Amino acid sequence: MAEEASFMRAPAPAPKRTIYTEAMEIFNRAADLINLDSRVRLELEEPDYEHIFYVTAKLRDRLVPVSPEKASEFSDLPATQVRNPEGLERLMDGRIILNGKALLGSDVSIRNGHLRLSDGNIYELVPGGSERFKAYRVQHNQARGPYKGGTRYHLNVSLDLFKALAAEMTWKTAIAEVPFGGGKGGLQIDPRQYGKEELEAITLRYMYKLKNMIGPDLDIPAPDVGTNGAIMALMYRQYSDGERERHNMRGVVTGKDVRIGGSEGRVKATGQGVIFCVEDYYAAHGDTIKGKSFIIQGFGNVGSNAALILHKLGAKLLAVNDADGTIYNPEGLDVPALVEHTRAPDNLKRSVLGFSGGQVISKSDFWRVPADVCLPAALGGEITADVAESLQVKVVAEGANGPTTPEADRVLQERGITLIPDIIANAGGVTVSYYEWIQNKRMERWTEEAVDRRLELALKRNYRTILDISRGEGRRTEMHDSRPFVIGKPVDTRCAAMILALKRIEAHYMLEGFSQ
Ligand code: NAD
């Protein structure tokens with residue numbers, strides 16, 4: 001009995017720290033500070049729905065390059081003259097997809113499943129089989145409107161990660177004041193290992209399974225890492241094909257090409273939004289972005305568009321780090337030329353490496369480059385406490401989602417480095433997604449200037465509100481009114497942003513009540 005009692009008193013094991021629990025630390029801190037209603041807190045602590053499912057697809061035959069030792073066994077094999085070279089689709093890792101009847105009518109010399117192409121290399125012909133992919137859609141909260149959030153195609157995804165990203169969308173849509181909730185999803189896949197037609201089949205199948213969980217007024221996916229407007233077009237087609245009122249369904253996904261109902265300014269919107277926030281930060285200090293220096297991690301949609309905009313504003317980009325390496329030029333990189341380099345058709349990795357206008361440096365040296373602003377625009381968790389210690393910048397503007405760990409946050413604060421948190425800094429994407437959704441609903445088309453003007457006002461108004469909450473002083477100006485949100489004492493900016501989100505979400509629950 002005594003033994004049992006002591007067992008009962010044993011302390012509960014500390015909950016495992018995961019990406020989600022780490023992401024929710026700031027939620028808990030802000031919820032404590034504003035004394036968030038306990039039931040609202042329970043509603044927000046876990047997602048409404050967590051969908052996990054699987055999609056299967058049939059793959060094409062592939063030609064896989066072999067090692068030099070293996071190739072030497074076929075030194076006498078003559079080259080195959082391919083009659084239909086358009087049918088060969090080269091992938092980044094050297095593999096080649098055989099589309100359609102790529103080899104039909106060709107004079108094929110094949111031995112033990114190996115053949116030589118006119119590039120002189122020996123390839124193994126691997127027949128296409130079927131493959132299964134794990135798929136997700138997490139719907140975190142819809143108190144303020146339909147679930148909204150990106151679709152990620154990446155190998156390193158999990159339910160835990162999508163929960164964190166979906167929750168972040170709930171906060172972000174509240175901060176950006178767009179009438180949406182939060183969601184996120186995607187596939188566990190490295191899209192660079194598949195041909196265009198294979199990715200089409202996989203995406204159509206993903207949407208086929210997703211169809212009964214989403215909709216233009218229910219849950220609206222958008223592009224994220226590894227997806228783009230072309231993937232959104234496929235998702236839209238699969239969702240709406242054969243439906244009687246398919247044109248009313250255009251808003252089921254955002255981030256579409258402008259020619260099929262996308263919004264002007266959406267492609268650059270996230271990068272544009274980060275730069276609007278940085279501009280406003282300098283404006284608050286009576287300064288401008290002109291002449292300021294930047295380092296950027298990640299040169300995809302967000303990083304490259306932010307770079308083009310800051311270049312136009314007269315700022316200098318000193319270094320870029322991406323998944324494949326880092327380039328650096330103390331005089332400033334030629335941004336338009338670098339963007340052209342990464343988007344060149346033969347740069348299959350879309351990497352900054354190989355750019356002639358800069359020198360290669362290591363990733364650890366990248367973080368040490370002295371600059372005014374560091375703009376992380378790659379994946380989460382990249383700015384660790386060690387990285388935060390080595391940064392030689394004055395401002396970190398988070399283009400990526402969750403790039404700074406909680407430990408690194410503390411280091412940045414101790415070192416007096418200003419943080420513009422992701423939930424406002426990269427909210428430009430979802431804000432213009434909202435504009436796209438309205439345009440789809442109204443069958444309208446806005447100009448890029450109109451979109452940019454609205455976006456600038458929306459982001460700056462909310463960023464100023466966050467800065468006031470952070471200072472602990474409410475204000476009413478022509479542009480914004482932060483008085484209902486301040487808590488009477490200063491807090492860090494990430495916490496201030498979360499306070500703004502929670503107060504806006506809480507109002508919905510408190511004013512609308514709970515259905516039983
Ligand atoms: P993208 O796929 O277009 O580009 C990603 C970039 O990150 C590439 O340059 C890649 O090389 C680089 N990268 C990947 N792994 C890396 C690593 N380990 N180290 C260094 N660099 C690495 O993606 P994107 O759409 O530009 O998104 C970037 C970030 O911004 C993500 O965190 C995403 O969630 C966030 N975000 C994107 C949008 C949007 O509208 N696209 C909106 C809000 C937030």
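As the structure lists them, so they are numbered: ligands from 1, and atoms in each ligand from 1. If you read the sequence from its start, that first residue is 1, and numbering goes on from there. Owing to the predicted nature of the structure, the values given are computational and were not obtained by experimental measurement.
Checked options T173, T254, T170; the residue passing with K148 is T254 (criterion: side-chain hydrogen bond (donor to acceptor under 3.5 Å, both in side chains)).
At the shortest separation from atom 33 (C) of ligand 1 among protein heavy atoms lies D224 OD1, 3.3 Å. When only non-hydrogen protein atoms are considered, atom 38 (C) of ligand 1 lies nearest to T270 OG1, 3.6 Å.
When ring centroids are compared, F355 and F299 stay outside the 6.0 Å threshold.
Residue contacts with ligand 1, taken as heavy atom pairs separated by less than 4.0 Å, do not involve R350 at all. Contacts of K349 with ligand 1, taken as heavy-atom pairs under 4.0 Å, are absent altogether. When heavy-atom distances to ligand 1 are checked against a 4.0 Å cut-off, V302 comes that close through both its backbone and its side chain.
Scanning N321, N301, D422, T254 for the heavy atom closest to atom 20 (C) of ligand 1 points to N321. With distances taken over non-hydrogen atoms, the option nearest atom 30 (O) of ligand 1 out of G399, P403, G298 is G399.
I260 approaches A233 most closely through the heavy-atom pair CD1-CB, 3.6 Å. In terms of heavy-atom proximity, A408 sits nearest to A385 at CB-N, 3.8 Å.
A distance of 4.5 Å separates CD of E197 from CZ of R60, quoted to the nearest 0.5 Å.
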